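Each remark here refers to the structure printed beneath this line.
Small disclaimer: the values here were computed from a predicted structure and weren't measured. Labels below follow one simple rule: chain letters A, B, ... track the order of the sequence lines, proteins then strands, and each chain is numbered from 1.
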2 protein chains.
Amino acid sequence: MMASPIEGQARPIRLADIAKAAGVSHGTASNVFSRPEVVRAEVRERVKAVAEAMGYAGPDPKGRLLRAGKVNAIGVGTTEPLSYFFEDPFARVMMAGISEACDATGAGIALVSAANQEKLAWNIQSALVDGFILFCIEGGSRLVELTRERRLPFVALELGFHDETISAIGVDNIAGGRLAARHLAELGHRRFAVLSLTLGEDRTGFVTPEMVRSAVYTGTRDRLAGYFEELSRFGVDTTKIPIFETENEEKSTRAGLEAIFAGGELPTAILAMSDRMAMIAIEWLTARGLKVPQDVSVVGFDGVPDGALCDPPLTTIAQPITEIGRRAARMILDHDGTVRRETMGVELVVRASTGPAPKG
Amino acid sequence: MMASPIEGQARPIRLADIAKAAGVSHGTASNVFSRPEVVRAEVRERVKAVAEAMGYAGPDPKGRLLRAGKVNAIGVGTTEPLSYFFEDPFARVMMAGISEACDATGAGIALVSAANQEKLAWNIQSALVDGFILFCIEGGSRLVELTRERRLPFVALELGFHDETISAIGVDNIAGGRLAARHLAELGHRRFAVLSLTLGEDRTGFVTPEMVRSAVYTGTRDRLAGYFEELSRFGVDTTKIPIFETENEEKSTRAGLEAIFAGGELPTAILAMSDRMAMIAIEWLTARGLKVPQDVSVVGFDGVPDGALCDPPLTTIAQPITEIGRRAARMILDHDGTVRRETMGVELVVRASTGPAPKG
DNA sequence: CATTTTTTTTGGATCGATTCAAATTTCTGC
DNA sequence: GCAGAAATTTGAATCGATCCAAAAAAAATG
């Protein structure tokens, strides 16, 4: 047996090397780093000196990890690309909440995502985490299935569909819908249009009542139900309200607005199921010469910070996003094996995108 | 020896359990999952069936990791709290670039930070990553030292000081300074004030020429040098230009503006070393009844997206932030053991916060 | 100084996989 | 039916630490 031929690319120094060089057992060497108080001061210093001299990088977490069994990190997963976490306003606030809880306990955050489906599966399988928080905005069911296979605790956020077997944190969508609708109705509005999130399949366009009934996404359905329940109470014929399903992005939302304002009785108020759509709507209306809120009122949903900054500032149904993030993280961190479901309240934040219905 | 007394809380199933149950060696069992093509179809299906029946979660990455030696994830570290990554505009754009490179190679991202100094050390020591990207905005030297001990590749970003031994990506601060100064000088401005990033110690307030000379932070010093070189060329007496050192946040920046506009010859142009300060300045000036750019011009530094959205849109020196992020990630991902230093170019982005110097 | 108590140190077992040379089985061709 | 080639399977070794019961050394007690 000979030493590695090239000095330069020697393999990294292991704890066992230090132990041998210092003339102590590997148990003692380990203690020097992980429980220094149990080893005699003299020995401790000697070992440390040897480690220093040999350029030891400290106990390798890879080794420790296997023994410890716990990673002390939580994975946050989504089907969107990784940049989603840094670009999407909703995700960012959520992450701030998650970060807060992680900072407090010293846990790390690993971002899990992937460019394509195969990689996603692999990344979930190989993520070094103790549990997952899932952003189920899109492709939620696949994300959930993949994660379930890891048999680690996980919490679903913004889970569109209903599944009692998984932990989830959501908001009271019906109440949110009602709040938004009542606000507009009380301002005198009677002609509405809805900019809806997806109901099921990947499609965009106007939605029929049957489609609503058979909707897979209960979140969307509930918001709609909330809108309509409340509007009915004000005597509005909800069957006449146009509902346009978008993909919650610019193109399909604009298409929806075009369609809604194409003719017939124009709405004086728009119920948007996300702040994103609401803000796109405001921009579109303004560009079209319609004043918000004088001509058309717009109310959003989510309560992202950007809403306060747009012009006019957005009236919206605010979710306690940061708190949801905090709780989700805590659920993973102090997981006790039970399935937990929490429904958070929402609140109406009145800013300047809504006003009295125009006369006549 | 007896089976675990309580059925419910059995320890997780290991690959070895599957192997035994299926009557194959653990080598074969391992192959079923990691190299299915080498095992006979019949055996493969049998093992898979057993695994399924026993509720095996798939090969545990903790085990694989130790053997493989490579984590396939990069750590992004800072001394700021974790939420910094999701809230700071500059960091966000940088992260988007890093994400892009990681997405492309399937690498994961682990966020490393800490509430306090001890935890930071621990978190860096125990991060499961193949290398680090360091945001050295503040407390950079400590962050670098801590990371150096891990003996893993790392790249420093926004490294304030000069150290040839570490890989870093930065921008040409002198050129940036000159670009900003020339732009203003060409618009006819002759009376300036500088809102400066920190030069060394943690202090705020006006800065003397000696302090500039002995500055630790070469980034700050270089921007300043760029400003002054160019202004001298236009015949401006740079010794009279007030330089106010802030902590790049609201309070100290406002204090700086108060001090600068407290009396004497008021500046017609402000050179801010960050977009953050520039935007705070615009707000402050506007609130004070001074019109930007009619009364006072403001030019920032960084080129964060928010700058385009503020009112008036900010003229600034744009760094290729996303590209820096991409390169940093790539440096870690295809690390070859060499120390790499890159200096990226910057460009002047003229928007509406600068205009001709007011007459008289 | 012998005994008991306390503090340190030791070294084997373990965490959960992957790897690879060698052994075994199956397949080919004649 | 058999030799040789090809395809599978085996099982010991390894990755880098931590844990812990038992042994050894040091300190305290009578």
- request: Could you check if a side-chain atom of B/Thr165 sits within less than 4.5 angstrom of a side-chain atom of B/Val339, using non-hydrogen atoms only?
  value: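 A side-chain contact is absent here, since even the closest heavy-atom pair is not under 4.5 Å.
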- request: With the side chain counted from C-beta on, respond yes when B/Ile133 and B/Leu157 share a heavy-atom pair under 4.5 Å apart, and no when they do not.
  value: yes
- prompt: Start at the 5' end of DNA chain D and walk down; is the nucleotide closest to B/Val24 or to A/Gly27 reached first?
  reply: B/Val24
query: Which word best sums up how the rings of A/Phe161 and A/Tyr217 line up, parallel for under 30°, tilted for 30 to 60°, or perpendicular for over 60°?
result: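 Judged by the thresholds at 30° and 60°, the geometry between A/Phe161 and A/Tyr217 is perpendicular.
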task: Determine to 10° how strongly the helix from C/dC1-D/dG30 to C/dC30-D/dG1 is bent, judged from the axes of its five-pair ends.
output: 30°
- request: Please list, by residue number, the residues of residues 42-75 of chain B whose heavy atoms come closer than 4.0 Å to an atom of DNA chain D; answer none if no residue qualifies.
  value: B/Val43, B/Leu66, B/Arg67
message: Please determine whether a side-chain nitrogen of the Lys or Arg among B/Asp17 and B/Arg14 lies less than 4.0 Å from a carboxylate oxygen of the Asp or Glu.
response: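 Yes, charged N to carboxylate O under 4.0 Å.
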message: With a 4.0 Å cut-off on N to O distance, would you call B/Glu87 and A/Arg92 a salt bridge?
response: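 So B/Glu87 does not pair with A/Arg92 through a salt bridge.
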task: Look at A/Ser30 and D/dT18 and indicate whether a side-chain polar atom (N or O) is within less than 4.0 Å of OP1 or OP2.
output: yes
query: B/Arg40 side chain N/O closer than 4.0 Å to the phosphate oxygens (OP1, OP2) of C/dT26?
result: no
query: Between B/Phe85 and A/Phe86, does the ring centre distance come in under 6.0 Å?
result: no
field: Atom pair distance, as rounded to whole Å: NE2 in B/His26 and C1' in D/dC15
entry: 14 Å
- prompt: Looking for any heavy atom pair under 4.0 Å, which part of the strands does B/Thr28 touch: base, sugar-phosphate only, or nothing?
  reply: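 Base contact - B/Thr28 has a heavy atom under 4.0 Å of at least one base atom.
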